Asker: 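Let me begin by handing over the structure; questions about it come next.
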Amino acid sequence: AFSGPPTQLNNGDSHSTPTSHPIPPNLDSLPSMPPIPTWFLLAFFLLLTTLSTALSRTHRHQQSCSSSCGAISNITYPFRINSDPVECGDGDYELVCEDNQTMLEIGHGKFLVKNISYAENLIRVVDVELAKGSCGMPLTVQFDYLLIGDNRYMLTGSTVESVYVNCSRKVLNENYTEVPCLSGNHSYVYVVYDYSLSEIIASLNESCEAVATVRSDKVGRKNRSYENIVKVLQSGFELGWNIECRDCHRSGGFCVHIEHSRTVICEKTDAAEIVHLLINLISTIVGTLFFYGYLVARFFISPIVLLVFLAYLYATRTKNADMPSLDTQPEALGIPKEQSNDA
């Protein structure tokens, strides 16, 4: 066996001085980076694409899309239906389309939407149980408490509060109107129209307890028959909304309504104004960074990752094609057949 490099004989001269022939490099012994799994590159590319799409959505302006549900048509900004695209309407004013009926949810309260007036910024709603038309107890226990801390909606001056009361004995009071379909053995349910919960609790008989409250239009206290009262309650009540007031409250201020006008002024203390300015500045900076980050990710990083991935696939296939197989003939490696046999 040869201890040195293989030699090659000159043409026709068996006694000529052998010349050295370079040994082909052993490709397996060359240092190489561990291959990057294909699934990793694909996952990274998909993640980058998803991130750029999400960032683009967060920077789209709210659009005045138009949708409908049941009897309510042309639902537009600031309202949106829960099935609308994310860029439609304002998320704070999302309505739910359920069984082809438009619902408004405030806390644990649920209300059927009967009408929306964009000209007056008013939405008419009714408790979902009363809206069924059958004899039912309002779902909302204390409606006014639902609006505490909720700066999206406000009560109008034309609404009044009524209270449902459950008593263990009959009550002889002209303000208490019995609800026949809810009363039974040793249980008497009354509705007290146009009285606030605090007024009722202050004068509540010891055999009674307040069980629910409901808002409705103010129509006076005449003719307190149950049929008339339930008709008023089922007609619902109006809530007002004002985007400027919502934003004003969230920035630490309070709204001042100009009399006989729809104009509002946001009053703020100096401290609240400073905090609001700082929040706006931070939001602007973060939003700008996300926006330009999205542009870089979408138009620069994503193509680069794709090109690197394609280059990696090409290099891997080329390397596999150039690498000799185990049954490659010695002549293909540049080793003379005679030397190979002697070895």
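On a predicted model such as this, the values are computed, not experimentally measured, just so you know.
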Asker: Do the side chain of E161 and the main chain of L197 share a donor and acceptor less than 3.5 angstrom apart?
Answerer: yes
Asker: Which atom pair, heavy atoms only, marks the closest approach of V191 to L233?
Answerer: CG2-CD1, 4.2 Å
Asker: Could you tell me which non-hydrogen atom of R246 sits nearest to which non-hydrogen atom of Y93, and how far apart they are?
Answerer: NH1-CE1, 3.7 Å
Asker: Is there a chain of hydrophobic side chains (I, L, V, M, F, W, Y, each step under 4.5 Å between heavy atoms) that links V189 to V192?
Answerer: no
Asker: When rounded to the nearest 0.5 angstrom, what is the spacing between CZ in R169 and SG in C208?
Answerer: 8.0 Å
Asker: Take atom CG in L307; do more than 12 heavy atoms of anything else shown fall under 6.0 Å from it?
Answerer: yes
Asker: Using side chain to side chain contact (heavy atoms under 4.5 Å, CB included), reason through C245 and N151 one step at a time and then give a plain yes or no.
Answerer: CA-CA 8 Å; C245 278; N151 44 45; over 6 Å; no
Asker: Same cluster or not: L204 versus V179, using hydrophobic residues (I, L, V, M, F, W, Y) connected whenever any side-chain heavy atoms lie under 4.5 Å apart?
Answerer: no
Asker: Could you tell me whether the side chain of R80 reaches within less than 4.5 Å of the side chain of E87, counting heavy atoms only?
Answerer: no
Asker: Would you kindly say whether the two SG atoms, from C65 and from C88, are closer than 2.5 Å?
Answerer: yes
Asker: Look only at the side chain of R124 and the backbone of S235, and say whether a donor-acceptor pair between them is shorter than 3.5 Å.
Answerer: yes
Asker: With a 4.5 Å limit on heavy-atom distance, are the side chains of V165 and V171 in contact?
Answerer: no
Asker: Can you give me the closest heavy-atom contact between E199 and S203, atom names plus distance?
Answerer: O-OG, 3.1 Å
Asker: Going by the side-chain contact (heavy atoms from CB on, under 4.5 Å) test, name the single residue among N121, L95, N74 that passes it with I116.
Answerer: L95
Asker: Under the 3.5 angstrom rule, does the side chain of D84 hit a backbone N or O of I81 as a donor-acceptor pair?
Answerer: yes
Asker: Nearest 0.5 Å, please: how far is OH in Y195 from CD1 in I201?
Answerer: 15.5 Å
Asker: Going hydrophobic residue to hydrophobic residue with side-chain gaps under 4.5 angstrom, can you get from I200 over to L182?
Answerer: no
Asker: Give me the atom names and distance for the closest heavy-atom approach of V126 to K114.
Answerer: CG1-CD, 3.9 Å
Asker: Contact between V232 and Y193 at the side-chain level, heavy atoms closer than 4.5 Å - yes or no?
Answerer: yes
Asker: To the nearest 0.5 Å, tell me how far D150 CG sits from H249 NE2.
Answerer: 10.5 Å
Asker: Do you know which two heavy atoms are closest between N100 and C69, and how far apart they sit?
Answerer: C-SG, 3.9 Å
Asker: Of the options D127, T159, V125, which is the one that meets R215 in a side-chain contact (heavy atoms from CB on, under 4.5 Å)?
Answerer: T159
Asker: Please examine the side chains of F237 and K218, heavy atoms only from C-beta on, and report whether any two atoms are closer than 4.5 Å.
Answerer: no
Asker: Are V211 and Y226 linked, directly or through other ILVMFWY residues, by side chains that come within less than 4.5 angstrom of each other?
Answerer: yes
Asker: Are L239 and L122 connected, step by step, through hydrophobic side chains (Ile, Leu, Val, Met, Phe, Trp, Tyr) whose heavy atoms are closer than 4.5 Å?
Answerer: no
Asker: Quick one: pull up CG in N175 and OG in S162 and give me the separation to the nearest 0.5 Å.
Answerer: 11.0 Å
Asker: Passes side chain to side chain contact (heavy atoms under 4.5 Å, CB included), N82 versus E105? Steps please.
Answerer: CA-CA 11 Å; N82 57 327; E105 295 178 352; over 6 Å; no
Asker: Heavy atoms, side chains only, cut-off 4.5 Å: are M154 and L147 in contact?
Answerer: no
Asker: Backbone N or O of P180 within a donor-acceptor pair of the S183 side chain at under 3.5 Å?
Answerer: no
Asker: Would you compute the distance between atom CG of N166 and atom CE of M137 and round it to the nearest 0.5 angstrom?
Answerer: 6.5 Å
Asker: Is atom NE2 of H186 surrounded by more than 12 heavy atoms (other residues, nucleotides or ligands) closer than 6.0 Å?
Answerer: no
Asker: For residues Y188 and Y176, determine if any side-chain heavy atom of one lies less than 4.5 Å from a side-chain heavy atom of the other.
Answerer: no
Asker: Salt-bridge test for D90 and R152: reply yes if a basic N is under 4.0 Å from a carboxylate O, no otherwise.
Answerer: no
Asker: Could you walk me through whether C248 and C255 pass the disulfide bond (SG atoms under 2.5 Å apart) test, one step at a time?
Answerer: CA-CA 7 Å; C248 177; C255 266; 4.4 Å; no
Asker: Closest approach of T177 and S225, non-hydrogen atoms and distance?
Answerer: CG2-C, 4.0 Å
Asker: Looking at Y153 and I123, would you say the former's side chain and the latter's main chain have a donor-acceptor pair under 3.5 Å?
Answerer: no
Asker: Can a side-chain donor-acceptor contact be found between S158 and D217 if the only test is distance below 3.5 angstrom?
Answerer: no
Asker: Is any side-chain heavy atom of V214 closer than 4.5 Å to a side-chain heavy atom of Y164?
Answerer: yes
Asker: For Q101, does its backbone N or O pair with a side-chain atom of D99 as donor and acceptor, under 3.5 Å?
Answerer: no
